[in-house]
Amino acid sequence: MSNPVVARSVDELVAQHVRPGMHLHFAVTMARPNALINAVARAFYGTGALTVSMASVHSSAHALALSGAVQKMITCFLGETYPTPRPCPLYRDILTGTPYELELWSLLTFVQRLMAGATGQPSAATSSLLGTHLADGKNDTLTVVRDPWSLSGRPTALLRPLRPDITVVHGVCADRRGNVVLLPPHGEGAWAAFAAKKGVIASVERIVEEDVIAWSSERVLIPGQRVIGLCESPHGAHPQSLRTDSLGKVHGYLDDYQFLADTADACRDPHTARAWFREWVDLPGGHAEYLERLGGKRLVGLALDTPPPRRAPDTALPVEPTRSETLIILGVRAVMREVRTHGYDTVLAGIGASHMAAWLAAEQLRLDGVDVALVAELGFYGVTPCHGDVFLFSQRHTRGAQQLAGIPEALGGLVASNERCLGVLAAAEIDTHGNINTSVLPDGRWITGSGGAHDIAASADCVVVAPADPRRYVRRVAAVTSPGHRVRTVVSEFGAFRREHADDPFRLTTFLSREGGPATPGDAVTTGTDWQVDYSETVAEEPITNKELALLRSLDPEGHYR
């Protein structure tokens with residue numbers, strides 16, 4: 001076995017190994033190979049020569065769209081994740097092929113395809129996807145069969161294995177034999193590394209001596225046998241984070257929230273997006289120039305031990321909760337009711353107001369002596385969220401976690417095989433059958449896609465937290481991204497709709513009377529939704545308490561969800 005070629009920079013690494021027509025997979029292992037993404041964008045600018053797969057496209061991955069390097073993208077999510085999840089205008093017309101062709105999956109089925117490719121299986125199997133937007137247009141990658149082990153012969157989807165030419169990774173450190181260390185949570189893990197036909201090209205914070213790896217061999221996620229090219233690239237995951245535990249004397253770093261927010265703002269408009277690309281990607285000096293522009297002081301400020309924002313109580317804040325705060329707190333109450341009634345011991349939330357409701361519900365339940373484990377789809381289990389940091393996937397939340405694993409464990413083991421898991425989701429559209437749309441609006445504009453929400457909704461009972469609007473609470477969604485048969489409760493800022501079984505109609509079961517809101521349950525349903533539901537037996541919600549409001553504001557002191 002020969003050692004991988006060690007390049008002097010990410011640009012040289014790309015030049016040595018990546019060719020037009022290749023399928024590149026950019027691994028999502030919490031650490032993302034952003035320096036290598038930028039290098040690919042520079043090298044293949046304007047060519048449309050590549051097929052790319054990656055679990056989610058946001059922040060620095062927008063460089064691939066702005067460069068015109070990609071002909072086709074295989075992914076689960078295109079949009080923004082910080083400070084709140086929302087569409088990115090770059091992908092408004094993605095379904096017509098601009099800026100590239102799209103193939104959309106759910107997060108678990110995406111990884112299942114990589115697993116099938118890695119293990120040499122002819123296909124992956126799933127009981128989800130069918131009957132949703134995610135199954136459309138996949139005649140060459142998805143086929144329907146009857147489950148031979150089910151008495152009812154229910155339909156099952158077989159998925160073509162996903163086998164990129166090269167998988168691209170950023171790790172903590174590696175030795176010159178190519179053994180790459182990555183710490184959990186592992187996201188998609190090493191499956192893409194084993195699925196790659198040619199192998200892996202990896203950037204790492206530092207190349208270390210072999211004895212360093214020998215003392216940490218249990219943390220080698222990708223063995224050197226799979227690595228064909230390697231280079232050092234300090235802060236190669238920026239603006240995303242990297243957990244290191246100081247292995248090889250490498251210091252970890254947090255997500256650069258200001259950079260993420262600035263990137264999202266820049267990508268709202270084509271002119272500012274191009275300016276962002278020139279400033280941060282199209283650099284003659286490559287990654288070294290990128291780091292110089294960031295500056296040492298900024299990078300030092302991202303150290304993992306940097307405390308989150310802590311603010312003194314703001315006397316200018318309204319005493320009354322805002323509409324968004326009301327929505328989250330009513331979501332908290334709904335989650336707590338479901339846990340107490342049905343005995344769920346695990347709560348897995350999507351990103352947004354839904355995860356804020358799940359976090360606060362778990363904290364209040366713990367104070368009442370009821371323990372539930374909070375889970376996030378990239379492999380967080382049993383976390384205690386850090387107050388002041390509202391990002392769902394912050395490395396700060398890994399401290400004290402009960403387990404750090406990956407996507408198959410979180411969305412497969414803890415959801416698909418666990419009847420005691422409750423999902424908490426958001427929705428751009430939701431209909432009276434509970435079907436959720438986060439893919440495309442009725443006018444054809446792109447939203448974000450599924451991420452892991454489809455996998456949660458397909459297997460777990462769910463609470464959906466969604467602000468009232470007739471364009472959101474619709475009679476039929478424009479596209480079914482996540483199936484509605486397991487949705488039990490839908491929460492708005494005026495109350496909760498509930499049903500016990502999938503065939504039951506939703507009823508407005510609780511109603512909150514508040515200043516500036518609808519006066520009656522009937523008014524709320526009529527003005528806030530396009531639903532026709534029974535509201536004759538609603539129970540009054542108690543007013544939002546100062547305790548609830550104080551807890552929410554202590555968790556989110558900067559008011560991202562206010």
Problem set entry | Inter-residue atom distance Arg486.CZ - Leu422.CG, 0.5 Å rounding | 10.0 Å
Problem set entry | Non-hydrogen atoms of Ala479 and Asn437 that approach each other most closely | O-CB, 2.9 Å
For this session: Please report the closest heavy-atom contact between Leu107 and Ala55, naming both atoms and the distance.
Result: CD1-CB, 3.7 Å
Looking at [X] and [Y], would you say the former's side chain and the latter's main chain have a donor-acceptor pair under 3.5 Å?
{"X": "Thr167", "Y": "Ala192", "result": "yes"}
{"X": "Thr81", "Y": "Pro85", "result": "no"}
{"X": "Gln16", "Y": "Leu13", "result": "no"}

Do [X] and [Y] meet the criterion of a side-chain donor-acceptor pair at a distance under 3.5 Å?
{"X": "Gln240", "Y": "His170", "result": "no"}
{"X": "Tyr45", "Y": "Asp282", "result": "no"}
{"X": "Ser241", "Y": "Arg396", "result": "no"}

Exercise. Do any pairs count as a side chain to side chain donor-acceptor pair (under 3.5 Å) and have a residue in residues 102-114, sequence neighbours left out, and if so which ones?
Worked result: Lys72-Glu103, Glu103-Trp105, Glu103-Arg113, Ser106-Thr109, Ser106-Asp455
Exercise. Hey, does Val375 have a side-chain heavy atom less than 4.5 Å from the side chain of Val383?
Worked result: no
Problem set entry | Residue pairs involving residues 220-240 (criterion ring pair (Phe, Tyr, Trp, His ring centres under 6.0 Å); sequence neighbours excluded) | His235-Tyr253, His238-Phe259, His238-Tyr290
For this session: Provide the full list of ring pair (Phe, Tyr, Trp, His ring centres under 6.0 Å) pairs with a residue in residues 3-41, sequence neighbours left out, each pair given once.
Result: His25-Phe110
List for me each residue that meets ring-ring contact (aromatic ring centres under 6.0 Å, His included) alongside [X], sequence neighbours excluded, and say none if there are none.
{"X": "His433", "answer": "none"}
{"X": "Trp191", "answer": "none"}
{"X": "His560", "answer": "Tyr82"}
{"X": "Tyr561", "answer": "His355"}

For this session: Any pair with a residue in residues 123-142 that passes salt bridge (charged side-chain N to carboxylate O under 4.0 Å, His left out), sequence neighbours left out, goes on the list, sorted by first then second residue, please.
Result: none
Exercise. Tell me the salt bridge (charged side-chain N to carboxylate O under 4.0 Å, His left out) pairs involving residues 81-90, sequence neighbours left out?
Worked result: none
Exercise. Run the salt bridge (Lys or Arg N to Asp or Glu O under 4.0 Å) check on Asp93 and Arg445 step by step: do they pass?
Worked result: CA-CA 6 Å; Asp93 300 316; Arg445 284 180 297 159; over 6 Å; no
Problem set entry | Ring centroid separation His397 to Trp359 under 6.0 Å | yes
Exercise. Are Tyr91 and Phe77 close enough that their ring centres sit under 6.0 Å apart?
Worked result: no
Exercise. Does Arg19 come within less than 4.0 Å of Asp165, counting only side-chain N to carboxylate O?
Worked result: no
Set of side chain to side chain contact (heavy atoms under 4.5 Å, CB included) partners for [X], sequence neighbours left out:
{"X": "Ala49", "result": "Pro20, Phe44, Thr47"}
{"X": "Asp147", "result": "Trp149, Ser150, Arg154, Thr156"}
{"X": "Asp11", "result": "Ser9, Ala39, Arg42"}

